[in-house]
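Below is one structure, written out as structure tokens; the observations come after it.
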Amino acid sequence: MTSPPSGSEAAAAVPSAGFDRLAEPVRRWIWDQGWRALHDIQDRAIPLILDGDDDLIIAAATAGGKTEAVFLPLLSRIATRDRPGSGFDLVYVGPLKALIDDQFGRLDQLCERLAVPVHRWHGDVSAGAKARARKDPDGILLITPESLEALFVLRGAEIPTLFGATHGIVIDELHALLDVERGIHLRSLLNRLDLALRRPVRRIGLSATLGDMDLARAYLRPADPARVIVLESRAEGQELRLQVRGYAVRVPRDPGSEPAPDADGDPDTDDEEAAADRAIAGHLAKVLRGSRNLVFAGSRQSVEAVADRLRRSCEDAQVPNEFFAHHANLSRDHRGFVEDRLKRGETPATAVCTSTLELGIDIGAVESVAQIGPPFTVASLRQRLGRSGRRAGQPAILRLYIKEKSQDANQHILDALRVGLVQAIAMVDLLIEGWCEPPRPQALHLSTLVHQVLSVIAERGGATARGLFHVLCRTGPFSGVDPATFAAVLRRMGEPDVALIEQVSDGTLLPGKAGERQIEHYGFYAVFRTEAEYRVVRDGQTLGTLPVSFPVVPEMTIIFSGRRWRVLDVDEKTPTILVAPDARGRPPRFGGDASDLHDTVVARMRDVYRRDDHPAYLDPTARRFLSEARATFRRRGLAASSILTEGGDETVLVPWRGTVATETLALALTAVGLPATPWGLAVMVRAPEDKVRAALGALAERAPDPLALAACARTLMREKFHPFLDRPLLERDYASARLTVAAVPDMATALLTGDTRSEDRR
DNA sequence: GACCTGCTGCGGGCTG
């Protein structure tokens, strides 16, 4: 048993097996926090971290105490270290600067007790603080993947000194860093760290939403996934209150008549969709006013429109505004203001936001979460839901608002199937079951490979082709790249018109002219692509940014930051847009890419169509939509056959697979001369049914050649370093990332035989 | 037909 330190008036922590094993100053800190007990996950993590050196994944809900679960025992080990000051003892990698600042605040006072320094290292940290950390590396380093990259490029020779003492590297929000470019980047850096130190450094991943633990293990330690220990928190059965609300968008009966302008001169009330938007905003205003909430609106354009409507609803009610827009194009000042107001909790506040408020940063507990439109992924829905009901005894509240077109004789089959509502129901089902999307690990990631080739050359002051292959492909995350493909990438990088690298007489590869320009520019350290933007300025104050792809001219009116503006001037040189307040405005388009639906989600959607029950969480309109969707499903015979004829010359296929497989099927048909376009769940083929059936018959026999399909693809350049690759390499990269040719024969067979067995086996 | 994330070195001007 442990007694509280004398003088402490904090509530006594309940001693437990884990607690008793922590170092004395760490226990003292816990007493002072007034904690009554350690979380289950913390208690279980302590012996694992103290007694072993195995890699570890800790999966627990947002605010489940994951950070403390790893840092309390890790710091207990440091407290008894024998050689302080010979390098950073621990490294924490966080995907957001704001997250690092949050964690710094939490760790700093604990570490002060232990005389363990904590260093922040990201783009907003002063050069002086970084210089001090470099001169005397010790304690804990909190860093972003990009700043770690910068250390390799600029201080390659110092890596063994800086990290010589490091015995653990904690990766926060692991789910956000799986098979995306940034995750591959970080895995490459971790592998390069192990190689530079000539020993593996223990890796500890933290996450609330991992879809597949075996894949997560393989991502954390590709060389030895079996030894990665997974610690999952036992769910505490929190109450979830859920509602799905349907809203009808009326299709104009008489398309010839001009709609009457709205009384307040509101230009966006002229379309029928605006009536549904008004109804949604009206409900949000009614149920959210006076409390603290998050409204995920789906796109930045929709955030602006909804925030504007809710602000005006406050004006109409003559109460102070409590609804604020929050997305990545709004200024840091404005975002900070919204986050502070949510966090302080003194006045009511609702943020209408995009995924900016989905990850990690602490905005305190909110009472409810709303989602407008179906979610993009189950993982993101779970992450969003985790923002509400974080106080003990409080339920998590989720409201989903779904718009569907009202029924009409000429309605398109996909509208009549009410895909948005059915997608929302399928995702809520899967959320409740605890499923979420796993990563797809087969992509080659050639763009990121180009980046890492340059980075390793910079780190080491030159490298051989053999050495690069060893670091990046044999032991690193580019394991899908074979020697021939790797050689083709290097050859391409060395071509005179590309000039990223050049070879000197002894075979060493050095940066070429263009390569030097890349490496020397500070934009090099991030592997993801970004778009050019205007600054939006009012009276010398920056409100935020707009993509240059959005056409802006003087006198046009826009909604931005939830308010209405007139454009005074556009300066292409700086590039800046000057605005002044106005009574009118439309939300701008920000652009963006579509997301992929996973096979499991689509399989579940088909189950929803085939069932008869109505989930209790549907409101009357949503219930009606679901009945209509099922009626369409049966009337069109989709229960028995997934081949439909629309008019004489168009055939619609519904393969009931995710986006990648559906797009692969469309390309496979296009490649054999039948022009096919993927459209949501369906593939629209401009050919009569008998021809389509004949083509499917051939596809059922043999999987198509992926490179032949990639040759038919429209956009091959998707990532930052793609412009340096040639067409054959781009096609190979596309085939690896965006095609599943092996699934084509099964899809074709199922379509032809009307085999409607559910694929929903996970 | 979506979202998000990140960044160094150096020089000039100012303050104490």
Touch class at under 4.0 angstrom, heavy-atom based, for A:Gly680 against every strand present: nothing
Sugar-phosphate, base or nothing in reach of A:Ser147, heavy atoms under 4.0 Å: sugar-phosphate
Sugar-phosphate, base or nothing in reach of A:Arg335, heavy atoms under 4.0 Å: sugar-phosphate
Residues A:Arg440 and A:Asp599 bridged, charged N to O under 4.0 Å: no
Sugar-phosphate only, base, or nothing, as touched by A:Arg589 at under 4.0 Å among non-hydrogen atoms: nothing
Side chain A:Asp733, main chain A:Leu446, donor-acceptor under 3.5 Å: yes
Contact nearer the 5' end of DNA chain B, comparing A:Leu154 with A:Pro95: A:Pro95
Touch class at under 4.0 angstrom, heavy-atom based, for A:Thr356 against every strand present: sugar-phosphate
A:Phe376-B:dC3 aromatic stacking (under 5.5 Å, under 30°): no
Check: A:Ser561 main-chain N/O paired with A:Glu304 side-chain donor or acceptor under 3.5 Å: yes
Heavy-atom pair with the smallest gap, counting every atom of A:Ala208 and A:His175: N-ND1, 4.1 Å
Touch class at under 4.0 angstrom, heavy-atom based, for A:Gly123 against every strand present: sugar-phosphate
